[in-house]
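The next block holds one structure in the form of structure tokens; read it before the comments.
Just so you know, these numbers use all the heavy atoms, side chains as well, and skip hydrogens, waters and symmetry mates. Start at 1 and go down the list; that is how both ligands and their atoms are numbered.
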Amino acid sequence: MTKQTLSFQAEVAQLLHLVTHSLYSNKEIFLRELISNASDACDKLRFEAINDSGLYESDAELKVKVTFDKDGKTLTISDNGIGMSTQEAIDHLGTIAKSGTKDFVSKLSGDQKADSQLIGQFGVGFYSGFIVADKITVESRRAGMKAEEGVRWISGGAGNFEVEAITRPERGTSVILHLNDDAQDYLAAWKLKSVISKYSDHISLPILMEKEEWKDGELIDPNDEKAGRQPGAMVKTGEWETVNKANAIWARAKKDVTQEQYDEFYKQISHDFEPPLAHTHNRVEGSTEYTQLLYIPGKAPFDLYNREKSAGVKLYVKRVFIMDDAEALLPTYLRFVKGVVDSADLPLNVSRELLQESRDVKAIREGCTKRVLGMLEDLAKNDKLPEANPAADGVTDVQTAEEKAEAEKNVGKYTKFYNEFGAVLKEGLGEDYANKDRIAKLLRFASSTTDSVNVSFADYKARMKEGQQAIYYITADTLAAAKNSPQLEVFKKKGIEVLLMTDRVDEWALNYVHEFDGTPLQSVAKGAVDLGKLQDDAEKKAAEEAAEAFKPLLATLKEALKDKAEDVRVTSRLVDSPACLVVQEHGMSTQLARMLKQAGQTAPEVKPVLEVNPHHPLVKKLDGSVNFYDLAHILFDQALLAEGGLPDDPAAYVKRVNALLV
Ligand code: ADP
């Protein structure tokens, strides 16, 4: 094969442009990314070698080497991992193989600051080399292939790259960075060591650098020591030293890991720039032994709502990396969690299929789920500073300065979490029956009587009116639609709080929660309104009388609307509006049916119930009206419009209203 020049995939070219123009503020991460790639390559080799030990080629000590050449202005990161074939170099370094790339690129705004955050999340990986290099040469040979089957890949990071065949006896990959003028400080051992220990101490492979020692310069005058010497210099000794701790962070005792190290590890595995909201680190002993180090991120990735997206937990078996994104280790609704699980019991050659069936994995999954929920409960508890709670003698609980500072650090974290991941957490109501109650306690909603969007079921219960027997809620597409919905009118009038639910998932999720702490949940848009003891006898009597008086009218209305409405009845739910739609107690809401339709799914035909307000002039006018049929349909269609729906035949609706206007 001779040299060939190929172009980068369009997304890569775009990404490269951003990398070189936006990421300079945090230059040093390139080293973390390249060392992490080298370490991954070694993990892959170890994994493939489980079934084919020949791949080690009598060089089984996996390691990463970092070397630099001051004169040539190059920095090289080498590994003896799996390596790449020519085709792999073309594919892996010329395209972004990960799914969701298009999504990602479409999210880039051109705003450098915002974009660099996104890039950070996405993980620029290899391409981060171009932050410090104006040219990168990669030389590689795949494990198991012949020395002549090596490849050299060269690019200046603009539109294209070159590949050619080379002979390379050593297995693995060398990434040679031709450092640009602004990055010459990476040609010093102390600088490299400090960056490596900052980011890569936990890499379980040794990272080696060549030892240097100080060598005095030559005597200026060999016959006169007093005349002094030429300048001295650090010179390489030919010996190698390990410059990282080479100790997986999760395998260390908690007390030996600092907060900063935990945060750094998180950033490393999540590609997030910001520290996580919380972490949990435990060694679990018993019938299944494993270590878990799990993190709650502060920010949602751009593809959070893709349920197919894999979880962020890496699986290790006795420190050997087995797989990324082991979704069997956590339920789907906790897919935002990042971290590591290291099992002492699973076989090294465990496959994804096997994971699904393993009893150990089931135990790990349960254990991890509990821990994550526990972390969230702690965050929720500490979201606000405890209110000053003067004891009987007027003395408030004494807090030390440290306790105070610690408490302040946690304020607002749960709110932040919930804004990012609340909707995903709700999926758990349907997905994780065993933990449903714990999840329900973690939910937060907007409400009709407060401006807060952080109302929990418990907050709601604590404020329930005397005689109130249910937790009332309404689901709608937007907060405005929920707040102004006709179904809320009587609740507003009576000052009864209603939870306003506007996440797309709410309607579905609420199907799985029928009560909270013994109090039933009641949609104000389902079933007949039953305010129970909140209505006094006079009101009840008036309602019954109205229903009786309206009987004949209701029958004609029902006949006129028989294709659209399941039933027509009088309600005491409405105050200002003439009519509204509700569904039967256990029916699917019209909103959910609409959502399913929009998503192209088949939804059962739900015919809603039309409820009319007997005190409204429009309703009173209906009786004996000459255009009764048209009025009835307008009434129905308007009720549909008021809750964000569309009439089946909008043109007919317009025609009817116009006829009235004229
Ligand atoms: P990521 O590592 O997140 O997949 P990168 O852009 O860093 O993305 O790397 C792209 C791909 O290039 C990797 O998935 C891997 O297949 C390959 N690669 C990068 N560095 C190495 C290396 N040192 N040895 C072998 N393969 C590598």
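- Residue contact check: A41 has heavy atoms under 4.0 Å from atoms 22 (C), 24 (N), 25 (C) of ligand 1.
- Heavy atoms of M84 found under 4.0 angstrom from ligand 1 belong exclusively to the side chain.
- Residues S155 and F130 have side chains in contact (heavy-atom distance under 4.5 Å, counting atoms from C-beta outward).
- For the pair D79 and K63, the salt-bridge criterion is not met [side-chain N within less than 4.0 Å of a carboxylate O].
- Contact annotation: for K44 versus ligand 1, heavy atoms closer than 4.0 Å belong to the side chain alone.
- Residue D79 has at least one nitrogen or oxygen atom sitting less than 3.5 Å from a nitrogen or oxygen atom of ligand 1, judged on distance alone.
- Ligand-side atoms of ligand 1 in range of F126: 5 (P), 6 (O), 7 (O), range being under 4.0 angstrom from any heavy atom.
- Comparing I82, V175, T173 against atom 24 (N) of ligand 1, the shortest heavy-atom distance belongs to T173.
- Inclusion of L93 in the set of residues having an N or O under 3.5 Å from an N or O of ligand 1 is not warranted.
- Checked against salt bridge (Lys or Arg N to Asp or Glu O under 4.0 Å), K211 has the following partners two or more places apart in sequence or in another chain: E239.
- Residue K362 places its NZ atom among 12 or fewer non-hydrogen atoms of other residues, nucleotides or ligands, all under 6.0 Å distant.
- Just one residue in the list V138, T76, D134, L75 forms a side chain to side chain contact (heavy atoms under 4.5 Å, CB included) with L177, and that residue is L75.
- The cationic group of K236 lies under 6.0 Å from the six-membered ring centre of F68 and within 45° of the ring axis, placing it in a cation-pi geometry.
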